[in-house]
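Any value given below was found using the heavy atoms of this structure, including those in side chains, with hydrogens, waters and symmetry copies removed.
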Amino acid sequence: MTFGLTFEKLLLIGLIAVMIIGPERLPRVAENFSKFVRRAGVFLRDTKSKVREEMGPDIDDVDWRKLDPRQYDPRRIIRDALLEEDPKPTTPAAAIVEPTLEPVAPRRSQISPAFTGGNPPPFDVEAT
């Protein structure tokens with residue numbers, strides 16, 4: 001995770017920062033930067049230990065490379081799904097009985113009323 005930064009680019013950024021900051025403020029800025037880096041390291045170690053505590057011993061069993069989004073290839077996923085063999089049914093096909101449903105007439109309360117000129121649909125002034 002270098003974000004495209006090479007040694008030359010970092011050196012150039014450092015030189016520009018030194019020229020902008022100046023020799024008077026440079027020691028104080030370097031000290032503040034080192035404190036920030038130390039605090040970030042402590043934060044990362046604490047976060048890592050908290051995650052390890054909450055996940056327990058199962059965290060070592062996780063294959064993190066499989067969860068890497070750069071490994072995601074939709075063509076491979078579709079190909080694997082299509083080439084995957086169907087699992088064998090555990091019950092014989094003769095034992096599976098499809099339930100038969102008889103048509104039921106809808107209740108009167110479920111039928112919407114017909115709106116005519118004398119019977120307009122309801123109108124909510126606050127909703128529009």
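- The backbone N or O of G4 sits less than 3.5 Å from a side-chain atom of K9, completing a donor-acceptor pair.
- With sequence neighbours left out, the side chain to side chain contact (heavy atoms under 4.5 Å, CB included) criterion links D63 to R65, K66.
- Nearest approach of L26 to I21, heavy atoms of both residues: N-CG2, 3.7 Å.
- Taking the side chain as every heavy atom from C-beta outward, L11 and T6 never approach each other to under 4.5 Å.
- Atom CG of D73 and atom CD1 of I78 lie 9.0 Å apart (nearest 0.5 Å).
- Counting side-chain heavy-atom gaps under 4.5 Å among Ile, Leu, Val, Met, Phe, Trp and Tyr, the cluster of L12 also holds I16, I20.
- Counting heavy atoms of neighbouring residues, nucleotides and ligands inside a 6.0 Å radius, atom CZ of R75 does not exceed 12 of them.
- Side chains of R25 and R28 form a contact here, defined as non-hydrogen atoms less than 4.5 Å apart.
- Residues F36 and L44 do not share a hydrophobic cluster, clusters being chains of Ile/Leu/Val/Met/Phe/Trp/Tyr side chains in contact below 4.5 Å.
- Salt bridge status for K50 with D46: absent, with no side-chain N to carboxylate O gap under 4.0 Å.
- Remark: F43 engages T47 in a side chain to side chain contact (heavy atoms under 4.5 Å, CB included) (not counting sequence neighbours).
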